[in-house]
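Below is one structure, written out as structure tokens; comments come after it.
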There are 2 protein chains.
Amino acid sequence: MGTFSETIVDLKRAGLRPTRQRVALARLLFTGGHRHVSAEELFQEAKAGGIQVSLATIYNTLHQFTDAGLLREVPVDSGQSYFDTNISDHHHFFVPATGTVMDISDGALELGELPTPPDGFEIDRVDVVVRLKVLNG
Amino acid sequence: MGTFSETIVDLKRAGLRPTRQRVALARLLFTGGHRHVSAEELFQEAKAGGIQVSLATIYNTLHQFTDAGLLREVPVDSGQSYFDTNISDHHHFFVPATGTVMDISDGALELGELPTPPDGFEIDRVDVVVRLKVLNG
DNA sequence: GTGTTTGCAAAGTGTTTGCAATTTA
DNA sequence: TAAATTGCAAACACTTTGCAAACAC
């Protein structure tokens with residue numbers, strides 16, 4: 001998503017009306033490199049950028065983008081939801097102390113054969129979270 | 001933890017006074033096979049078993065047991081904490097629809113070489129969560 | 001007795017919801 | 001103008017906290 005009008009086209013393609021809020025949030029999220037954000041972080045960032053949007057709309061938008069496949073929720077922390085603009089298959093470092101989420105670069109973590117799910121179930125997705133702590137702590 | 005007095009000894013060893021509530025909860029948790037419980041589940045189970053204990057104490061106790069190394073928190077779900085009586089190194093299946101946590105049997109999931117953590121950090125632990133959905137859904 | 005633990009109720013955090021007002025197409 | 005979206009405030013689920021009463025040693 002480069003230009004403004006490309007953003008609009010992408011939102012339409014995803015079945016989402018390109019409202020002022022959605023366009024602005026999409027530009028925050030998808031301009032530049034990949035990001036990991038919590039709702040509160042995105043809210044603060046929007047405010048700082050002069051985007052008028054409510055926290056409820058931030059939550060709505062994050063979930064709509066996730067449903068549309070533009071974002072992926074990263075389940076690193078019980079307590080708070082994080083969203084990743086990198087929707088490719090990959091895993092995460094997480095620093096609980098600071099709430100920092102980082103991608104583990106492709107290939108840096110090999111996941112052998114997957115376990116056989118119990119009867120009646122199939123694997124939906126596999127999430128690996130490598131929890132970090134500050135060295136020498 | 002088999003007998004009643006063994007439970008008391010184990011709690012003392014962990015630096016925890018063997019109060020009526022702690023002993024009763026320890027027996028619920030550590031008698032029989034390994035368990036995965038949420039605070040609310042343990043609370044209901046305690047009530048059903050005629051153990052008089054408040055929800056606040058359930059939370060306190062779960063965290064004290066975790067700090068003492070008797071339990072391990074399993075970070076499967078943003079929104080709710082689960083605790084595992086199996087403190088050995090292993091991973092989990094999780095069924096979001098039902099909130100069910102299951103151990104992945106040792107060796108069923110091979111985790112190759114771990115990624116190098118960013119400078120200044122070291123790996124604390126690695127959690128793999130295999131999310132399941134009902135077959136044919 | 002002294003320090004620890006408990007239970008209650010209140011507060012806290014992150015998230016969702018109901019609905020009237022606004023906006024988009 | 002009809003349908004979708006927003007924003008507010010209230011509700012929500014889960015968890016933590018403050019403090020007086022109860023308990024363990």
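The chains referred to below are lettered A, B, ... by the order of the sequence lines, with proteins before strands, and numbering in each begins at 1.
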Original post:
Can you list every side chain to side chain donor-acceptor pair (under 3.5 Å) pair that touches residues 107-119 of chain A, not counting sequence neighbours?
Top reply: none
**OP:** Could you tell me the separation between the CD1 atom of Ile58(B) and the P atom of dT5(C), rounded to a whole number of Å?
**Re:** 16 Å
**OP:** Indicate yes or no: at least one non-hydrogen side-chain atom of Phe83(B) is less than 4.5 angstrom from one of Leu42(B).
**Re:** no
Original post:
Would His90(A) and His92(A) count as a close aromatic pair, with their ring centres under 6.0 Å?
Top reply: yes
**OP:** Could you state the atom-to-atom distance from CD of Gln52(B) to P of dT6(C) in whole Å?
**Re:** 13 Å
Subject >> Pairwise salt bridge (charged side-chain N to carboxylate O under 4.0 Å, His left out) hits with a residue in residues 72-97 of chain A, at least two apart >> reply: none
**OP:** Mind checking side chain to side chain donor-acceptor pair (under 3.5 Å) for Asp127(A) and listing every partner two or more places apart, or none if nothing turns up?
**Re:** Arg125(A), Arg131(B)
**OP:** Report yes if some heavy atom in the side chain of Phe4(A) is under 4.5 Å from a heavy atom in the side chain of Val23(A); otherwise report no.
**Re:** yes
Subject >> Range on DNA chain D touched by chain A, heavy atoms, distance below 4.0 Å >> reply: dA3(D) to dC8(D)
Show me the side-chain donor-acceptor pairs of residues 12-20 of chain B shorter than 3.5 Å, one per line, residues at least two apart or across chains.
{"unit_1": "Arg13(B)", "atom_1": "NH1", "unit_2": "Asp10(B)", "atom_2": "OD1", "d": "2.9"}
{"unit_1": "Thr19(B)", "atom_1": "OG1", "unit_2": "Arg22(B)", "atom_2": "N", "d": "3.2"}

Please list, for nucleotides 20-25 of chain C, all pairs of protein and nucleotide N/O atoms separated by less than 3.5 Å.
{"unit_1": "dT24(C)", "atom_1": "O2", "unit_2": "Arg17(A)", "atom_2": "NH1", "d": "3.0"}

**OP:** Please list all pairs passing the salt bridge (charged side-chain N to carboxylate O under 4.0 Å, His left out) test where one or both residues lie in residues 41-52 of chain B, with sequence neighbours left out.
**Re:** Arg35(B)-Glu45(B)
**OP:** With pairs defined as Watson-Crick or G-U wobble and both distances under 3.5 angstrom, please note down DNA chain D as a dot-bracket string, | for pairing with another strand.
**Re:** |||||||||||||||||||||||||
Original post:
CG of Leu55(B) versus P of dT5(C): gap in Å, rounded?
Top reply: 19 Å
Subject >> Close side-chain approach of Met102(A) and Leu132(A), heavy atoms under 4.5 Å >> reply: yes
Original post:
Does Phe43(A) reach the side chain of Tyr59(A), with side-chain heavy atoms less than 4.5 Å apart?
Top reply: no
**OP:** Measure the distance from CD on Gln64(B) to P on dT4(C) and round it to the nearest whole Å.
**Re:** 13 Å
Original post:
Other than Phe94(A), what residues sit in its cluster of Ile, Leu, Val, Met, Phe, Trp and Tyr side chains whose heavy atoms are under 4.5 Å apart, directly or through others?
Top reply: Val74(A), Val76(A), Tyr82(A), Val101(A), Val129(A)
Original post:
Stepwise, does the side chain to side chain donor-acceptor pair (under 3.5 Å) test hold for Asp103(B) with His36(B)?
Top reply: CA-CA 9 Å; Asp103(B) 282 357; His36(B) 303 92; 2.6 Å; yes
**OP:** Figure out the CZ/P separation between Phe83(A) and dG14(C), and round it to whole Å.
**Re:** 14 Å
Subject >> Gap between atoms CZ and C1', on Phe43(A) and dT13(C) respectively (whole Å) >> reply: 15 Å
Subject >> Separation of dA9(C) P from Tyr59(B) OH (nearest whole Å) >> reply: 17 Å
Original post:
Contact class for Ser81(A) (heavy atom, under 4.0 Å): base, sugar-phosphate, or nothing?
Top reply: sugar-phosphate
**OP:** Take atom CG of Asp77(A) and atom C1' of dG14(C), then tell me their distance rounded to the nearest Å.
**Re:** 11 Å
**OP:** Go through the structure and list residues passing side-chain contact (heavy atoms from CB on, under 4.5 Å) with Ser105(B), not counting sequence neighbours.
**Re:** Ala108(B)
Distance-only donor-acceptor hits, side chain of residues 49-58 of chain B, under 3.5 Å, sequence neighbours excluded:
{"unit_1": "Ser54(B)", "atom_1": "OG", "unit_2": "Thr57(B)", "atom_2": "N", "d": "3.2"}
{"unit_1": "Ser54(B)", "atom_1": "OG", "unit_2": "Thr57(B)", "atom_2": "OG1", "d": "3.2"}

**OP:** Return the residues of residues 93-100 of chain A meeting this criterion: a heavy atom under 4.0 Å from some atom of DNA chain C. Order them by number, or give none.
**Re:** none
